[in-house]
Amino acid sequence: MEEPQVALDIDFVRSQFPAFQSPVLSSHAFFENAGGSYPCVQVVDRLTRFYRDRKVQPYGPYPGAQAGGAEMDEARTRLAAMMGVAREEVSFGPSTSANTYVLAQAVRKWLAGTGGAVVVTNQDHEANSGVWRRLAEEGIEVREWKLDPDTGSLELPSLAALLADGMVKLVCFPHCSNVIAEINDVAAICAMARDAGARTVVDGVSYAPHGFPDVAALGCDVYLFSAYKTFGPHQGIMVLREPFGMELPGQAHFFNHGVLYKRHTPAGPDHAQIAACAGMADYVDALAGRHGIGGDAAARNRGVHDLMRAQEVAVIQPLLDYLVQRNDVRLLGPRDAGRRAPTVAVELDRVAEPVSEELGRNGIACWAGDFYAVRPLEALGIDREKGVLRMSAVHYTSAEEVALLIAALDRVL
């Protein structure tokens, strides 16, 4: 990551989010971003406009339908340009879990009877684990890339051993875990898989809120993330590169199989939410303009990504330092903010959820539980019933809010 030339203008950033002016939401410092971020004003405005002025069947031969279809196309085109892919490679669905499920059904048919194997990890959210593991019901071999139980890390030599016999056709792994938060070297993993003749599926749900990915640079075949965690509406976004997408058996109406972004979308998409996703591109461009970042859409996105990450690293490091010096909590993942997303989960010396409730009474919005990360917690020896306390930030989180969180933890723990 290159160091940005200017610091993120946090006041400008927070002015772009209506939640900070809400009498309901602004009462607490918000640390539940990994569960869903605040939407930016550009998304809110586009969604409102669609329901007010465009809520008809899109693409029809009359003004409202034409405007609605154009805004849906705009969202796909602009997000694709930001991430360095073709517009046809961006698909929308109701959630990342649903998109991954549909993808797995295509892979089920693609691999049936071939003898090919699939690699999964035990570092993932269940959405990018369970659907692949169920392929074993069809006789497809499923191999587990196990995390290091001491560190929570996925080690590349362990993956190399799984790929060595050349039978693996698909590797499914997270950009980062939603509880361990260490940022995996996606480009290196994808290169290793590609050299072994395997495709790659990356769950980016826990990373994309910290900067939209440069998918072309990562080299993956599929990248999945959730718009409602990247300041947008409740949609799942799947970047499916054309060679793999057209090789997989289609999962939609047969007459749509020739269009890649329709080929693996079995249900009608949410028109309004797709159109509103263009607001996420608006927001990235607003940040780029504010901070003097130029170039094409991909270059502006890379610059904004680096701004976001630099802000997050600076703001969250004091929290990590505070937690490390306590002897009554176990921090999951790296101690260095530069190696992780600002999603901070800790095992406590008690059940975690009552602690999150007490933090709520102390002006902190966060939560506790297993966060559908049952397998990584089990691999780390953490009782699912006990759970973990999770405090998650994004680039709009301020240093003052982190100080409030640390003070509240001092009172509650």
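- Residues passing the salt bridge (charged side-chain N to carboxylate O under 4.0 Å, His left out) test with Glu126, sequence neighbours excluded: Arg375.
- With sequence neighbours excluded, no residue forms a ring-ring contact (aromatic ring centres under 6.0 Å, His included) with His210.
- Side-chain contact between Lys146 and Leu154 is absent, with no heavy atoms from C-beta onward closer than 4.5 Å.
- Looking at Cys220 and Val215, their side chains come closer than 4.5 Å, going by heavy atoms from C-beta outward.
- Under the ring-ring contact (aromatic ring centres under 6.0 Å, His included) rule, Phe17 has a single partner from Phe12, Tyr38, Phe231, which is Phe231.
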Carefully, step by step, assess Thr100 and Val222 under the rule side chain to side chain contact (heavy atoms under 4.5 Å, CB included). CA-CA 10 Å; Thr100 311; Val222 186; over 6 Å; no
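- Using modelled atom types, one side-chain atom of Gln105 and one backbone atom of Tyr101 make a donor-acceptor pair closer than 3.5 Å.
- A donor and an acceptor atom, one from each side chain of Asn33 and Tyr396, are located under 3.5 Å apart.
- If you run side chain to side chain contact (heavy atoms under 4.5 Å, CB included) between Leu170 and each of Ile140, Val107, Val142, Thr200, only Val107 comes through.
- Leu224 has its side chain out of reach of Val205: every pair of non-hydrogen atoms, C-beta onward, lies at least 4.5 Å apart.
- The two atoms that bring Cys176 and Ala181 nearest to each other are CB-O, 3.8 Å, heavy atoms only.
- Of the possible polar contacts, one joining the Glu89 side chain to the Glu242 backbone as a donor-acceptor pair under 3.5 Å is found.
- Applying the salt bridge (charged side-chain N to carboxylate O under 4.0 Å, His left out) criterion to Asp370, with sequence neighbours excluded, gives Arg384.
- A donor-acceptor contact shorter than 3.5 Å is absent between the side chain of Arg46 and the backbone of Arg49.
- Here Asp9 contributes atom CG and Gln16 contributes atom CD; the two are 9.5 Å apart, rounded to the nearest 0.5 Å.
- Heavy atoms only, all atoms of each residue included: Leu147 and Gly152 are closest at CB-O, 3.7 Å.
- When the ring-ring contact (aromatic ring centres under 6.0 Å, His included) test is applied to Phe92, no partner is found at least two apart in sequence or on another chain.
- Distance alone, capped at 3.5 Å, is enough to place a donor-acceptor pair between the Ser392 side chain and the Phe31 backbone.
- Nearest heavy atoms, Ser91 versus Thr265: CB-OG1, 4.2 Å.
- Nearest heavy atoms, Pro213 versus Tyr223: CG-CE2, 3.4 Å.
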Report the C-alpha distance between Met391 and Ile364 in whole Å, list the side-chain angles of each, state the deciding distance to 0.1 Å, and finish with yes or no for side chain to side chain contact (heavy atoms under 4.5 Å, CB included). CA-CA 9 Å; Met391 301 149 287; Ile364 303 297; 5.8 Å; no
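- How far CG of Leu47 is from CD1 of Ile274: 12.0 Å, rounded to the nearest 0.5 Å.
- In this structure, the side chain of Lys169 does not engage the main chain of Gly115 through any donor-acceptor pair within 3.5 Å.
- For Leu323 against Val329, the heavy-atom pair with the smallest separation is O-CG2, 3.5 Å.
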The test is side chain to side chain contact (heavy atoms under 4.5 Å, CB included); show your working for Val202 and Phe173 and say whether it passes. CA-CA 5 Å; Val202 180; Phe173 67 97; 3.6 Å; yes
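- With no hydrogens or angles considered, no side-chain donor-acceptor pair links Asn178 and Tyr372 at under 3.5 Å.
- At a threshold of 4.5 Å between non-hydrogen side-chain atoms, the residues Pro233 and Val43 count as touching.
- Between Arg194 and Asp221, none of the side-chain N atoms (NZ, or NE/NH1/NH2) sits under 4.0 Å from a carboxylate O, so this pair counts as no salt bridge.
- Not one N or O on the side chain of His175 forms a donor-acceptor pair closer than 3.5 Å with the backbone of Val186.
- Judged by distance alone, with hydrogens and angles left aside, the side-chain atoms of Ser226 form no donor-acceptor pair with the main-chain N or O of Lys229 at under 3.5 Å.
- The closest side-chain heavy-atom distance from Pro342 to Thr397 is not below 4.5 Å.
- Atom CZ of Phe255 is surrounded by more than 12 heavy atoms from other residues, nucleotides or ligands within 6.0 Å.
- Results of the salt bridge (Lys or Arg N to Asp or Glu O under 4.0 Å) test with Glu71 over Arg78, Lys55, Arg76, Arg54 single out Arg54 as the only residue that passes.
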Ser206 vs Thr343, side chain to side chain contact (heavy atoms under 4.5 Å, CB included): CA-CA, chis, key distance, verdict: CA-CA 8 Å; Ser206 294; Thr343 300; 5.8 Å; no
Go through the steps to decide whether Ser153 and Glu182 satisfy the test side chain to side chain donor-acceptor pair (under 3.5 Å), and finish with yes or no. CA-CA 7 Å; Ser153 300; Glu182 181 174 6; 2.5 Å; yes
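- Taken from CG in Leu103 to OG1 in Thr96, the straight-line distance is 11.5 Å, to the nearest 0.5 Å.
- Applying the salt bridge (charged side-chain N to carboxylate O under 4.0 Å, His left out) rule to Arg14 yields the partners Glu401; only residues at least two apart in sequence or on another chain are considered.
- Smallest separation of non-hydrogen atoms from Pro174 and Asn128: N-ND2, 4.4 Å.
- Summarising the local packing, CZ of Arg350 is surrounded by more than 12 heavy atoms from other residues, nucleotides or ligands at distances under 6.0 Å.
- Separating the CG atom in Leu389 from the CG atom in Leu409 is a distance of 7.0 Å, to the nearest 0.5 Å.
- Panel note: side chain His28, backbone Gly360; a donor-acceptor pair is recorded below 3.5 Å.
- Looking at heavy atoms from C-beta onward, Glu32 lies in side-chain contact with Arg390 at the 4.5 angstrom threshold.
- In this structure the side chain of Asp328 never reaches within 4.5 angstrom of the side chain of Leu348, judged on heavy atoms.
- Around the CH2 atom of Trp145, the shell of radius 6.0 Å holds more than 12 heavy atoms that belong to other residues, nucleotides or ligands.
- At a threshold of 4.5 Å between non-hydrogen side-chain atoms, the residues Met192 and Val171 do not count as touching.
- To the nearest 0.5 Å, the span separating CE on Met246 from CG on Leu260 amounts to 6.0 Å.
- Between the side chain of Gln273 and the main chain of His271, no donor-acceptor pair closer than 3.5 Å is present.
- Contacts classified as salt bridge (charged side-chain N to carboxylate O under 4.0 Å, His left out) and involving residues 148-165 (residues at least two apart or in different chains) are given here: Arg143-Asp165.
- Using a distance-only test at 3.5 Å, with no hydrogens or angles considered, a donor-acceptor pair links the side chain of Glu312 to the main chain of His395.
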